[in-house]
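In what follows, a structure is listed as structure tokens, so that the remarks can point back to it.
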Amino acid sequence: MKFTNNYKEKIREIVKDKNLTYYIDTMGCSMNENDSSKYSGILESMGFKKEFDEKKANLILFNTCCIRENAENTLFGRLGSLKKEKINNEDKYIVIVGCMTQQKHIIDKIKTSYKFVDIVLGTGAMSIFPLKLYNVLKNKKTDIEYIDVTNEVEEDIPIKYDDKFRASVSIIYGCNNFCSYCIVPYVRGRERSRKKEDILNDIKRLAKNGYKEVMLLGQNVNSYGNDFKDINYNFPKLLQDIEKIDGIEIIRFMSPHPKDFSDELIEVIKNSKKIARQIHLPLQSGSTRILKEMNRRHTKEDYLKIVEKLKSIDDNISISTDIIVGFPGETDEDFKETLDVVKKVKFDQIYMFIYSKRVGTRAEKMEDNTSNNEKVKRLEKIKEVYEKYLPDNNKKMIGKVYKVLVEGKSKNNENLYTGRTSQNKVVIFEGNEEVVGKIVNVKIISQHLWYLKGKIEV
Ligand code: SAH
Ligand code: SF4
Ligand code: F3S
């Protein structure tokens with residue numbers, strides 16, 4: 001479906017007249033960050049100016065997440081603190097979009113306790129945003145009704161990235177996997193792949209505008225193309241086509257699912273000069289029994305086998321992951337299996353979460369006897385083991401030269417510059433403004449757990 005904005009000019013007039021500004025608060029994952037760039041694009045195409053101070057902004061857009069319970073508490077806390085200002089200022093507008101709005105109980109709560117919200121909009125429904133906004137700006141007609149997940153693919157949405165050198169591009173929306181703990185399939189709808197032409201054109205345009213790095217996004221990027229009926233085109237083929245685009249130097253993707261990590265994909269990574277030597281491969285649990293309960297459809301051994309294959313391409317490849325501790329019924333023995341994988345893989349980064357019960361998922365009904373105290377202990381144990389091995393990975397890099405995309409000045413030291421290697425390791429080094437946005441060779445001198453120090457090689 002093509003995004004068209006029939007209200008652009010009418011809204012432009014009102015915005016110009018009142019000099020309206022916007023502020024976006026993004027919660028959740030990269031998918032939401034990408035959606036927020038689209039909301040920025042839509043709002044700026046209608047004349048809204050970006051405001052960095054939330055208090056001063058006229059329109060506040062909350063792009064919400066509901067992957068874990070605390071996200072809900074955060075949103076309602078924020079809304080509560082805005083109430084007074086909203087009621088006293090007729091040019092203050094509150095818009096709520098994103099995953100949380102696809103849950104009926106959330107909409108009911110907004111309708112009863114936060115009536116001052118102007119617009120609620122679900123995922124994949126940006127096309128109707130201009131109409132709703134026009135109704136609010138022109139006629140003070142608010143709309144906080146629940147709408148079902150649309151399962152649309154919306155194309156040609158204006159997009160405004162904050163970054164000048166790296167950009168994220170969604171390749172597939174939704175999820176069909178129904179992992180038993182996860183809310184995403186309910187709030188993001190079924191898997192739908194974007195047409196390869198639309199993706200390639202977006203990336204060509206980015207390259208033309210000076211972007212060097214792309215991050216391909218999807219809940220399960222390696223199911224890309226499974227929904228194509230007439231053509232035989234999949235994720236490895238898409239990667240090969242992106243590789244041919246001049247100007248793009250680094251290709252990353254997130255997240256691949258271990259169950260779909262084919263040998264064809266490994267071969268493409270091996271032969272690529274652009275695919276980053278960093279793979280984010282969510283583990284969730286190292287216990288095959290728990291993985292089965294989670295409906296992940298792979299075993300501990302399958303996971304370790306993929307890692308072994310990736311490391312055989314390049315011993316220096318960095319592996320990052322997501323782990324959930326305290327899934328219902330997770331025993332000490334199960335947890336030891338997770339620790340065993342952490343020890344064997346020596347992850348470069350781990351996003352660790354304590355299991356959070358989500359309404360409507362299969363795991364919601366599962367019995368959970370582990371105390372929160374014990375779960376916190378497990379989380380700390382993972383952190384301890386991970387940090388023990390991390391320097392080993394970093395040390396391997398000392399003395400070698402890596403290509404680094406320079407992002408800008410280091411936040412902590414005005415005289416130093418910062419960038420990332422293909423392995424996604426942060427490096428700081430002496431430089432000058434001329435290298436910003438360029439790819440330079442940096443020799444690694446020392447490691448400091450969370451970052452490396454280096455020197456530009458000329
Ligand atoms: N599609 C990705 C994950 C997206 S959600 C994948 O399949 O790997 C991001 C991460 O949030 C997940 O990898 C998982 O570790 C975590 N997560 C999802 N649901 C959760 C829940 N109910 N409680 C705690 N963590 C959860
Ligand atoms: Fe959630 Fe599983 Fe889909 Fe990832 S693959 S979004 S964890 S259901
Ligand atoms: Fe959250 Fe939705 Fe992403 S629930 S993690 S923002 S897909």
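All ligand and atom numbering here is 1-based and tracks the order in the structure. Not measured: the values here are computed from a predicted model.
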Problem set entry | Any donor-acceptor N/O pair, N34 side chain to S168 backbone, under 3.5 Å | yes
Exercise. Less than 6.0 Å separating the ring centroids of F327 and Y355?
Worked result: yes
Exercise. Is the side chain of Q103 donor-acceptor paired with the backbone N or O of H105 at a distance under 3.5 Å, no angle test?
Worked result: no
Exercise. Under 3.5 Å, is there a donor-acceptor pair between the side chain of R362 and the main chain of Y181?
Worked result: no
Exercise. For the ring pair Y186 and F178, is the centre-to-centre distance below 6.0 Å?
Worked result: yes
For this session: Note the single closest protein heavy atom to atom 7 (S) of ligand 3, along with its residue, its atom name and the distance in Å.
Result: Q219 NE2, 3.1 Å
For this session: Please test D340 against K336 for salt bridge (Lys or Arg N to Asp or Glu O under 4.0 Å), starting from the C-alpha separation and ending with a verdict.
Result: CA-CA 6 Å; D340 185 48; K336 280 194 188 122; over 6 Å; no
Exercise. What part of R68, side chain from CB on, backbone N/CA/C/O, both or neither, has a heavy atom under 4.0 Å from ligand 1?
Worked result: side chain
Problem set entry | Atoms named by residue and atom, protein N, O or S, within reach of atom 1 (Fe) of ligand 3 (under 2.8 Å) | C65 SG
Exercise. For atom 9 (C) of ligand 1, which of D322, T361, N220, T321 has the closest heavy atom?
Worked result: D322
Seminar exercise, completed: For V120 and I107 the tightest heavy-atom approach is CG1-CD1, 3.4 Å
For this session: Give the atoms of ligand 1, by number and element, whose distance to some non-hydrogen atom of Y355 is under 4.0 Å.
Result: 23 (N), 24 (C)
For this session: Check each atom of ligand 2 against the heavy atoms of R296 and keep those under 4.0 Å away; list them by number with element.
Result: 2 (Fe), 5 (S), 7 (S)
Exercise. Where's the contact between I354 and ligand 1, heavy-atom distance under 4.0 Å: side chain, backbone, both or neither?
Worked result: backbone
Problem set entry | V184 to ligand 1, any heavy atom closer than 4.0 Å | no
Seminar exercise, completed: If you scan protein heavy atoms around atom 7 (S) of ligand 2, the nearest is Y181 OH, 3.3 Å
Problem set entry | Per-atom contacts, ligand 1 versus R358 - under 4.0 Å to a heavy atom | 22 (N)
Seminar exercise, completed: Minimal heavy-atom distance between T338 and S287, with the atoms involved, is OG1-N, 4.2 Å
Exercise. Pick from K425, R277, R420: which one makes a salt bridge (charged side-chain N to carboxylate O under 4.0 Å, His left out) with D348?
Worked result: K425
Seminar exercise, completed: Listing protein N, O or S under 2.8 Å around atom 3 (Fe) of ligand 2 gives C175 SG
Problem set entry | S37 side chain vs I159 backbone, donor-acceptor pair below 3.5 Å | no
Problem set entry | Main-chain N/O of I248 paired to K274 side chain as donor or acceptor, under 3.5 Å | yes
Exercise. Which residue holds the protein heavy atom closest to atom 5 (S) of ligand 1, what is that atom called, and what is the gap in Å?
Worked result: I67 CD1, 3.6 Å
Problem set entry | Centroid-centroid distance, Y351 to H280, less than 6.0 Å | yes
Problem set entry | Whether Y224 and Y233 hold their rings parallel, tilted or perpendicular, with breakpoints at 30° and 60° | perpendicular
Problem set entry | N/O separation below 3.5 Å, Q219 to ligand 1 | yes
Problem set entry | Identity and separation of the nearest protein heavy atom to atom 19 (N) of ligand 1 | Y181 CD1, 3.3 Å
For this session: Would you indicate which of H257, E364, E69, R296 comes nearest to atom 6 (C) of ligand 1 when only heavy atoms are counted?
Result: R296
Problem set entry | Y39 ring center within less than 6.0 Å of F129 ring center | yes
Seminar exercise, completed: heavy-atom search around atom 15 (O) of ligand 1 in the protein gives Q284 OE1, 2.7 Å
Exercise. Does a donor on one side chain sit under 3.5 Å from an acceptor on the other, for S36 and N63?
Worked result: yes
Exercise. Looking at the rings of F253 and F235, which for Trp means the six-membered one, are their centres under 6.0 Å apart?
Worked result: yes
For this session: Measure the distance from atom 8 (O) of ligand 1 to every protein heavy atom, then report the residue, atom name and distance (to 0.1 Å) of the closest one.
Result: P282 CG, 3.0 Å
For this session: Look at atom 22 (N) of ligand 1 and say which protein heavy atom is nearest, naming residue and atom and giving the distance to 0.1 Å.
Result: S356 O, 2.8 Å
For this session: Specify whether F116 and Y114 have parallel, tilted or perpendicular ring planes, treating 30° as the upper limit for parallel and 60° as the lower limit for perpendicular.
Result: perpendicular
